[in-house]
Structure formats: C-alpha cells, structure tokens
Amino acid sequence: CSDKKDEYVERPVEELYNEAMDLVEKGEYYKAALAFDEVDRQHPYSVWATKAQLMNAYVLYERNKYPDALVALDRFIQLHPGNKDAPYAYYLKGLCYYEQVTDVARDQKMTEMALKSLQEVVDRYPASSYARDAKLKVDLTRDHLAGKEMNIARYYQKRDQWLAALNRYKIVVEQYQTTSHVPEALHRMVEIYLTLGLTEEAKKTAAVIGHNFPGSDWYEDTFSMVNTGQSATQAEKKDSGWFGWMW
Amino acid sequence: QNMGSVRQIVVQGNQRVEVETVKSYMAIAEGDPYSADRVDRSLKTLFNTGLFADVSIRQEGEALVVRVVENPIINRIAFEGNNRVKDEQLETETQLRPRVVYTRTKVQNDVKRILDLYRRNGRFAATVEPKLIQLEQNRVDLAYEISEGEPSYVKRINFVGNRFYRDSRLREVLSTKEERWYRFLSSDDTYDPDRLTYDRELLRRYYLKHGFADFRVVSGVAELTPDRGGFFLTFTVEEGERYKFGTATINANLRDLDGNELNPLLTSVPGEWYNADQVEDIVQNLTDALGSKGFAFVDVRPQVNRDRENKVINITYDVHEGPRVYVERIDITGNVRTLDKVIRREFRLVEGDAFNTAKVRRSRQRIKDLGFFDKAEVTNIPSDSAPDRTIIKVDVQEKSTGELSFGVGWSTVVGPLVEASIRERNLLGRGQDLKLSSSLGTRRTSAELSFTEPYFLDRKLSAGFDIFGLTRKMQRESSYDHNTMGAAVRSGYYIHDNLRQDVRYQVKRDQVENVDDDASIFVREQMGTSSTSSIQQTLTWDYRDSRMEPTEGYVFKINNELAGLGGSQKWMRNNLSAAQYFQLDEQVILGVSGTAGIISGFADEKVRITERYYLGGDSLRGFANSGVSPRDKSSGDALGGMWQATGSVQVKFPLGLPEELGFAGQAFTDFGSIGSTEDYANSATINQASSLRASVGVGVTWKSPMGPVALDLAVPVMKESFDEDEFFHFNFGTRF
Amino acid sequence: CTPTIDNRGNLPHPEDLAKITAGKTSREEVQALLGTPSSVMPYGDESWQYISAVFETTAFFKPELKDRKVVSVNFDMAGIVKTVTYKELQDGKEIVLVDRETPTAGKELGILEQLMGNIGRFSKPESGGSLGGMGRN
C-alpha cells in the first residue's frame with residue numbers, strides 16, 4: 001500500500017507530529033513511520049521535521065530493521081550534528097549494533113561495531129543521561145569479546161594444543177583485565193603449565209589468582225590442582241562412570 | 001584592515017540547516033582571533049559536508065558573515081526507460097535516497113553506478129540522463145532517463161597464432177561464449193572485460209597443462225561491431241614448442257637432510273608431455289614430506305630449464321630454508337552463521353606452528369570444499385608484536401546452504417514420479433547435514449530422513465542416522481507388493497585420501513503383501529512380515545579424477561553384510577564392484593565396469609525373495625526389470641537368484657553438437673549371469689540357468705535445462721528363452 | 001597405512017641452544033638465536049618458553065602425542081640468561097580439565113529460524129546476521 005501516491009493533504013505540522021507519536025505509543029510502528037515521513041515531507045524546514053527524522057529512526061529500530069535505522073541515524077547526525085538530541089542518535093546507533101551481537105562462536109563484527117559506537121557516546125557526551133547505560137553496555141561487549149577468545153582457547157586446549165591455548169588465554173588476561181573471564185583464563189593457564197610440567201610457572205600464576213580472586217571457585221580448583229593434582233570439583237564428584245572416557 | 005578577534009558569527013541563507021550546525025563545522029569560533037587560513041579551512045569543511053551549493057564568508061566590521069545557499073532536498077527518485085533491469089535493482093545500486101541532500105557529485109556517481117550495472121548485464125550501449133524538477137521550499141524531484149540500448153553480445157571469438165589446437169577446441173576452454181539462441185538463460189555470451197582477463201588465464205593454464213611451457217597470450221582484444229550491436233573477441237596467442245618431461249632432481253641444502261630420500265615423490269615420467277599442474281602437485285607433496293620430517297620452514301621452488309633442441313624440460317626442485325616465521329593467530333571473520341570451530345578444524349596449521357605456504361594452500365582448499373561459502377579468502381599479514389610472527393586472516397562470505405528442491409521424472413522401471421526434498425547442509429552453522437527427501441511414483445514411493453555429523457567426537461569421523469520407508473509394486477515382475485520400514489546408524493572415515501571405510505548397523509521390517517491369487521507358490525509362501533537386524537562394512541578405493549563425470553582412474557568397492565544380530569533374517573551377503581575409466585581422446589571416454597554379489601542364509605533360515613538378486617533394467621540394459629532371474633514356470637514370477645555377476649564396457653563420445661548443449665552419445669555392451677534361487681535348486685517347476693546373458697546397444701544422454709535425460713536402445717544377443725527383454729530404456733528426471 | 005606426523009609449536013635446534021650460556025647471553029641474543037618465544041611468563045622475573053610437540057594421527061583416531069619438549073630460558077633482572085631448563089614428555093602431568101565454563105550471552109540460532117531463514121535464497125550478510133543479539137535490557 002505504500003507505493004500508492006497519497007495525495008498532499010496540507011495539515012498543520014504539530015497535528016501530524018502528535019498523530020505520529022500516538023501511533024508510536026500504540027506500537028503501530030509501520031503506520032508511525034509513514035506519519036513521520038509525512039511530517040518531514042510537508043514541512044521539511046520546521047523544527048518538527050528534525051524531531052520526526054529521529055523518531056523515524058527510533059521506529060525502524062523498534063521494528064528490528066537495524067540496517068535502515070542505522071542509515072537514518074547517520075543521516076540525522078550528518079544534518080544536525082549540533083542538535084540537542086544528537087547524543088540519543090549516537091546512543092541509538094550503539095543499540096542497533098548491540099542487539100545484533102551473535103553468540104561467541106560466530107563472527108563478532110557486530111560486537112566490535114557496538115563497542116565502537118557505544119564508546120563514542122561515552123567519549124562525546126560523558127555528561128548525557130545515555131552515557132551511563134552506554135558505559136554498562138561497553139563493559140558487556142568487552143566481556144563478550146573476551147568470551148570469544150576463551151571459546152577459541154578452549155577449542156585448542158581440548159585438542160592438546162597447549163601453546164595455542166596458552167597464548168589465547170594470555171590475550172584475555174592482558175587485554176580484557178576487567179572482564180568476568182579472567183579468573184577462568186588464569187586457572188586454565190595453571191592447568192596448561194601443570195600439563196607441560198612447568199610447576200614453577202603454575203605456582204606463580206596460581207598466586208596471581210589467589211591475590212586477585214581469592215573467593216572465586218576457580219581459585220579453589222587452582223589451589224587444589226597445584227597441591228593435589230586434582231581440581232576441587234573433580235575431587236568431590238566420584239569418577240563419572242565408564243562412560244567418562246567417551247566424552 | 002584586519003580586525004583583532006571575531007566578535008560575532010552571522011549565518012545567512014540557511015533554511016534547513018541550523019545555525020549551530022554551520023558553526024560546528026567551522027574552524028573558527030566567536031572570540032577567536034581572526035585568521036584568513038582558518039576562514040579558508042572553514043570554507044572547505046562547509047563545502048565538504050555536501051549540504052551547500054555555495055558558501056561565502058566575508059568580514060563586516062567585528063562580525064563574520066557566513067552566506068550559504070543550501071543544496072535542495074530530494075523529494076522523490078524515479079527511473080524511466082528501464083525494463084531489462086528492475087527498479088529495485090537500481091535502487092539498491094544507487095546511493096541517493098528521498099529526503100537526502102542533493103549534490104551534483106552524488107548524482108554523477110549514481111549515474112556511473114547505473115552504467116556499471118548495465119555493463120555487468122552486457123549492455124555497453126546504455127545511456128543515463130539525470131533530470132531535475134524544481135519544487136517549492138528548495139526541494140527537487142530526481143528522474144533518471146535510461147535508454148538501455150542493444151545488449152552487447154559476443155558475436156564471434158577467433159584466435160590468431162594457434163597451430164596445435166583448433167579454434168573450436170579453444171572456445172570450449174573459455175568461459176565467455178559466442179551468442180547463441182539457446183543461451184537465453186545464461187549471460188556467458190555477453191561481453192564482460194573481467195571475464196576477458198579470466199579467459200586469458202584459462203587459456204594459459206590449459207596450454208601449460210598440455211606441455212606448452214613457452215605459451216603466451218600476446219593480446220586479447222574486444223572490438224565493437226560496426227552496428228554497435230555486439231563485440232568481436234580476438235585472442236592472439238604464441239603457442240611455442242611443446243615440451244616433454246625430462247629429468248627431475250631435488251637440490252636440497254638443508255642441515256642433515258639427504259635429498260634423494262624424497263626422490264620417489266618426483267612423479268613426473270620422462271617422455272610424458274610436460275604438465276604444470278603435476279609440477280604443482282609434486283611441490284605440495286615435497287613440502288608435506290619435508291614438513292613431517294621437521295623441516296617446517298622449507299620453501300620448494302621448481303626451476304624449469306628448457307632444453308630447446310630436443311624440446312625437453314628438466315626440472316630441479318630447489319629446496320631451501322624459508323624465513324623462520326611462526327603463526328601468531330588465526331582470525332576468522334564473516335562466519336555469521338557457521339561456528340568458528342567448523343572452519344578452524346579444517347586448518348592444517350595450529351596457532352604457534354611454523355608458517356608454511358603449502359599448508360595454507362591446502363587449508364584454503366579444504367575450507368572451500370565445505371561448500372558453505374561463496375568466497376573464502378585466506379591471507380596472512382605480518383604481526384606487529386614480533387618480526388617473525390604472522391597472523392592468518394580467514395574471511396568468508398556465506399551462501400545459502402538450505403536447499404528446497406522439487407522434481408518430476410519418468411522411467412521405465414518406476415513410471416512417472418514426483419520428488420521433493422528439503423535439505424540444510426550447514427545445520428545451525430555446525431557443519432551438520434540434515435535431509436528429508438521423498439519420492440512419489442505409481443510403482444514406487446519412498447521417504448527418508450538422514451542426518452550426518454562430519455566430525456563425530458571432534459574427530460575426522462563422520463557419524464549419522466537414517467530413517468527410511470519404501471513401498472514397491474512388483475506385481476508385473478513377481479506379483480506381490482513389498483514395503484519396508486527401518487532405521488540405521490552409520491559411521492565413516494578416510495583411512496587415507498583415496499581409501500574410505502563406512503560401517504552401518506540397520507534394523508528394518510519387510511512385508512510382502514497383496515500376493516496375486518495365481519502367483520507362484522514360491523511367492524505365496526513369502527507372504528507376511530520379517531525383521532532384519534544387520535551390520536555391514538564398505539571399503540572404497542576411489543582414484544577417479546571426478547565423481548560426477550570421471551574421465552580417468554578407477555574405483556573399487558567391497559561390501560560385506562551380516563544379518564542375524566536379532567531379527568528373523570539370518571544371511572550373509574558380499575558385494576564387489578569396480579570401474580575403470582580411460583580417456584581415449586578429448587571427450588571420448590571408455591568405461592569398463594563390473595559387479596558381483598552372493599548371499600547365503602545360515603542357521604537353516606531361508607533368504608527372503610526381497611533380499612535375492614535380480615538383473616535387468618538399469619543393471620543389464622536390453623532386459624526388463626527383474627527380466628533375468630530364476631522364474632516360476634507356470635506363473636512367470638521372478639524369484640531372484642542367490643548370486644549375480646555383471647559387466648559393462650561403454651564408450652561415451654560427443655555427438656559433434658556444441659559442448660554446452662549437453663548432448664553425449666554412448667555405445668555399450670552389458671553382460672552378466674545370475675545364480676539359482678533359494679534351495680529349490682532341482683525343483684521342476686522353476687526355470688533357472690546361470691548361463692551368460694549379453695546385450696549390445698547405443699544411447700543418448702542430454703543435460704537439458706529441465707534435467708538429465710537418458711535414452712538407451714539395447715538388443716539382447718545372448719539370452720534364455722524365459723528371460724524378458726526390453727528394447728527401449730528411458731530415464732528423465734528434473735530438479736527445480 | 002602411514003600416519004601423518006604433525007610438528008606443533010617451536011622446537012629450537014640443539015646447535016642454537018648450545019650457544020646459550022648462563023650469566024652471559026642477553027635477551028636480544030636469545031631472540032636472534034631462537035626467535036620470538038612461543039610464550040612469555042607474565043609474572044615474576046621474565047622467563048621465555050619454547051614449546052613444541054609431535055603428534056601422529058592415523059585415520060580417525062585421536063592424534064597421539066609422541067613427544068613434547070619445553071625449553072624455558074629464565075632471565076635475571078638485568079635481562080641476562082640465569083638458567084635454561086628442559087622439560088620432556090614425562091615431566092608433564094595428565095590432568096582432568098574442569099568442565100565448568102564462564103557463561104556468555106548472545107542468542108543461539110533457533111533450528112527453525114535457520115532452516116526456514118534462507119531456504120534456497122542467498123542470505124545477504126546483514127539480514128542473516130540479525131540474531132536478536134543480547135536482548136533488550
């Protein structure tokens with residue numbers, strides 16, 4: 001129905017805009033988008049047109065049409081860089097990428113884009129109300145990227161490729177210090193050092209976990225493994241039956 | 001006079017763009033000291049935004065007056081005059097959108113993009129005229145007036161300087177084809193400059209494969225025909241001499257390696273025509289062998305030295321230490337759906353390993369063979385963390401691996417049939433294969449669900465299961481209907497590149513029903529159901545150059561099946577099959593093949609009629625389906641034999657028609673014999689003979705746009721009186 | 001049938017190792033002789049590891065570890081080699097890995113969504129990619 005040429009009904013811009021906003025409240029995003037288009041088309045130079053452009057992008061975002069929303073947002077930012085709603089436009093861009101983040105076993109391009117645009121919100125508008133949530137999401141995306149490195153590290157460790165796994169775990173420890181994966185990464189390094197017979201290195205790394213993550217159950221495993229050669233969890237549960245060797 | 005500082009900035013002429021926006025793009029702000037250079041820079045940045053048709057900045061007393069003329073906003077975009085290329089295609093190709101700022105450069109770029117799109121579709125004579133319609137409030141409507149012009153087909157391809165191969169042979173090698181009416185579906189016959197350069201590479205590779213080491217494409221030129229309707233392509237080539245393989249030596253100067261250990265890998269035979277592909281294979285094998293001897297950084301380079309008098313090429317394979325570089329990391333991108341490990345496990349290299357180009361080439365090939373990607377680029381870039389480290393980058397572009405196919409067919413054996421199948425070759429991005437297929441025919445209906453995990457337990461061991469059901473109307477052959485239902489678990493692995501073993505455990509329930517009243521007593525006694533629980537193994541040696549259309553090499557298969565681990569059936573079956581292919585001439589292929597099989601019951605259980613062997617139809621052309629088999633004298637029902645052996649000698653040859661029409665002729669002789677049926681061996685009421693049956697025949701195969709068609713006419717030359725023959729054998733299947 | 005042999009990691013050549021003497025060789029010299037270390041011990045005074053292993057794989061069986069060597073070059077504060085230690089296969093320990101994993105978010109691919117998502121249609125990267133991400137919190 002969208003390509004039938006709707007005739008030019010000249011209506012005052014506030015009326016058009018409010019009608020569109022009601023549609024948004026009602027969740028009729030498709031109709032709302034058309035209504036916002038009408039505002040922009042009939043009154044291109046009004047202040048309302050600028051707001052309509054941003055709302056149009058918001059509606060596209062709500063309908064999960066991320067690529068189109070991103071195009072609309074870029075257009076808004078280019079036309080109105082100084083506008084008071086610009087921080088929201090940057091923030092919405094970050095959300096568009098953030099909601100396309102895939103699980104750690106797949107391509108993380110979206111996560112990287114989300115990290116970049118959310119970080120831009122924090123850097124450009126530190127005082128804005130969006131900065132706090134953006135900062136929170138930045139940490140979550142960093143944690144997600146660390147999760148990807150862990151996923152590859154475990155892939156190599158399961159296949160006895162100790163060197164490959166060791167270096168991947170070290171990437172997590174060195175470049176993602178603030179993420180939730182660091183305790184596990186350090187513990188895995190201890191596992192590998194013990195496997196290789198580098199008991200000295202294993203002890204030093206265990207000390208680092210003890211120092212930084214004393215309460216974590218990873219430390220329990222590390223401590224017992226360094227001393228008894230068996231992880232804490234493994235010592236508790238008796239051997240997992242003859243099926244054990246299969247998996 | 002130049003004033004101290006800018007007290008105020010005044011913006012004039014802006015309608016849509018706010019004043020703050022103009023100020024934010026300026027390199028000078030209120031209160032800054034006046035500087036001509038910063039004003040100039042502001043002018044440039046304001047222009048670069050593309051928002052303004054014209055900008056001027058001048059001083060007026062203490063203020064700086066910025067006068068702007070805004071570019072209009074595009075209201076609507078329309079494409080007129082395009083019919084070959086649809087509006088949606090044009091919209092995705094062009095960048096301008098309604099309500100975006102109009103600038104002349106953006107429109108010019110879009111005009112270029114439209115022309116590129118037409119060029120890709122082979123329309124070089126297309127022209128595009130952008131038209132602007134002014135609207136009030138500084139808005140414009142943009143219309144592209146397109147005249148598509150005639151398609152620029154390739155009228156003729158000719159070659160200059162080719163003595164050894166005729167023009168027609170070389171045209172087969174090229175990917176660009178001459179314009180023909182039957183090529184309405186493909187765009188191979190339209191002129192495309194990139195394809196022209198690709199064709200030069202194809203020519204070079206073809207000649208180098210057949211001994212022409214000095215071959216050179218002097219030029220590949222496309223001229224427009226006088227009526228501008230198409231193109232003439234002319235390839236000037238210099239074939240040079242044809243060389244044979246001479247000596248092949250290894251010159252390795254590596255610490256503690258004696259070169260001639262590797263000599264067996266030099267597979268080039270002196271006297272045979274020189275072949276560049278074979279040289280590449282030798283380089284691969286040498287690198288692998290050296291790699292497993294611990295020489296990871298080896299670089300094998302073939303030195304080709306020509307002996308021009310007796311036209312022989314002697315190759316010395318230079319082996320020397322390459323740079324000692326290690327793989328720091330393997331980064332995989334683009335896998336939106338495929339799991340990282342599904343790609344990573346195909347890699348011969350592990351992070352931290354020595355970098356080796358041959359292994360990278362092998363890994364790239366294996367990733368491509370997965371069949372999940374349109375594009376799979378494997379490149380390596382130096383790492384910035386250390387000079388002797390490199391990062392391997394794998395960028396893939398996934399393609400749809402879901403297949404929904406539907407087919408209609410007809411064959412003498414089964415009659416008309418309809419087929420449908422849904423398949424996902426990369427299930428959940430895990431590389432697993434799930435397929436549901438069914439076929440509905442008047443005399444045969446079947447359905448099957450099959451699942452395969454290629455890396456069971458993360459090892460190179462494929463495992464999967466099948467669930468199947470089949471009903472067959474055998475009234476004409478043996479006056480009974482047979483239906484079977486069952487399930488199987490299977491597993492398979494490669495012992496080495498050409499030897500594979502598959503193991504399968506299967507449980508099924510067979511039912512013989514609707515037995516005709518006047519059917520043979522031997523058939524009537526088979527009525528009812530039986531259950532079979534069997535384990536089987538298959539060893540396959542496959543040295544053919546291709547599975548679909550083999551032209552060289554052989555395949556040999558041994559299959560042994562034991563039924564009796566539970567279930568009512570107790571028998572042991574052994575099958576053998578083999579085929580060898582010879583390339584007599586460019587497209588003339590001789591295929592010699594044979595099969596043999598024997599089944600025998602044990603623990604005094606009888607082998608059921610549905611498990612016995614029958615010859616005829618596809619297995620022995622010239623004879624009807626189950627036409628050669630022990631047969632009940634009175635009812636004429638085929639009862640099946642306890643062993644069989646067949647053979648076939650077939651020559652495939654072109655019919656002189658253009659190759660891409662897909663026609664091929666074949667002449668063949670099929671022969672075989674079949675053993676007696678279950679142990680009614682001496683019964684008087686059964687006709688059976690294990691004499692040799694044979695037939696000769698000719699046929700045509702056609703790879704039609706609708707699907708493969710095969711028609712065989714065969715005449716039995718040696719047969720028994722009670723055999724049933726069949727002159728005309730037809731098979732037509734389509735897949736949409 | 002012959003198994004395939006894979007050499008993993010970085011095995012320094014004995015002749016180069018012989019050239020390293022404690023108390024004299026500097027970090028740069030070790031780098032020149034043996035190349036960049038496979039891994040560097042991030043804690044305590046610096047120690048470089050050169051890790052290598054040899055695996056034999058036949059058909060589908062699990063790759064069998066034939067040999068493993070770890071050369072550790074430990075430096076003093078001034079960056080001069082203090083000790084060089086060698087670890088062989090038997091020095092290592094067989095340990096059972098902890099199977100717990102730190103959770104990560106991101107939506108797994110639904111089976112129907114994947115099957116129906118792009119049957120027979122080439123899925124453009126961006127449209128195929130929108131898998132719902134981390135949800136709307």
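In what follows, every heavy atom counts, from backbone to side chain, and hydrogens, waters and symmetry copies are set aside. Throughout, a chain's letter reflects where its sequence line sits, starting with A, and its residues are numbered from 1.
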Inset, instruction - Name, in order of residue number, those residues of residues 145-155 of chain A that have a heavy atom at a distance of less than 4.5 Å from a heavy atom in chain C; otherwise write 'none'. - result: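 Within residues 145-155 of chain A, near chain C: A:Gly147, A:Arg154.
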Legend entry - Selection from A:Leu136, A:Leu166, A:Val208, A:Thr111 maximising heavy-atom pairs under 4.5 Å formed with chain C: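 Maximum pair count with chain C is reached by A:Val208.
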Inset, instruction - May I ask you to name which of A:Met225, A:Arg188, A:Glu200 has the most heavy-atom pairs under 4.5 Å with chain C? - result: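 Sorted descending by pairs with chain C, the first entry is A:Arg188.
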Nearest heavy-atom pair of [X] and [Y]: which atoms, and what distance?
| X | Y | value |
| --- | --- | --- |
| A:Leu163 | C:Gly9 | CD2-CA, 3.6 Å |
| A:Trp218 | C:Arg100 | CH2-O, 3.3 Å |
| A:Gln157 | C:Leu97 | NE2-CD2, 3.5 Å |
| C:Thr102 | A:Ser180 | CG2-O, 3.6 Å |

From [atom1] ([X]) to [atom2] ([Y]), nearest 0.5 Å:
| X | Y | atom1 | atom2 | value |
| --- | --- | --- | --- | --- |
| C:Phe55 | A:Gln161 | CZ | CD | 5.0 Å |
| C:Ser39 | A:Met189 | OG | CE | 6.5 Å |
| A:Leu198 | C:Thr85 | CG | OG1 | 7.0 Å |

Legend entry - ring pair (Phe, Tyr, Trp, His ring centres under 6.0 Å) involving A:Trp162 - partner list, sequence neighbours excluded: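 With neighbours one apart ignored, the set is empty.
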Inset, instruction - Output every pair passing salt bridge (charged side-chain N to carboxylate O under 4.0 Å, His left out) with a member in residues 61-76 of chain C, not counting sequence neighbours, ordered by first then second residue. - result: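 Every salt bridge (charged side-chain N to carboxylate O under 4.0 Å, His left out) pair that includes a residue of residues 61-76 of chain C, provided the two are not neighbours, is C:Glu64-C:Lys66, C:Asp67-C:Lys69.
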Heavy-atom contact with chain A under 4.5 Å, split by part of [X]:
| X | result |
| --- | --- |
| C:Pro103 | backbone |
| C:Glu101 | both |
| C:Lys93 | both |
| C:Leu89 | neither |

Inset, instruction - Determine, for C:Arg8 against A:Asp160, whether the closest basic-nitrogen to carboxylate-oxygen distance falls under 4.0 angstrom. - result: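 No.
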Inset, instruction - Report yes or no: does A:Asn167 contribute a side-chain atom to a donor-acceptor pair with the main-chain N or O of C:Ser38 at less than 3.5 Å? - result: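 Answer holds: yes.
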Legend entry - Proximal to chain A - members of residues 77-84 of chain C, heavy-atom separation under 4.5 Å: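 The stretch does not come within 4.5 Å of chain A.
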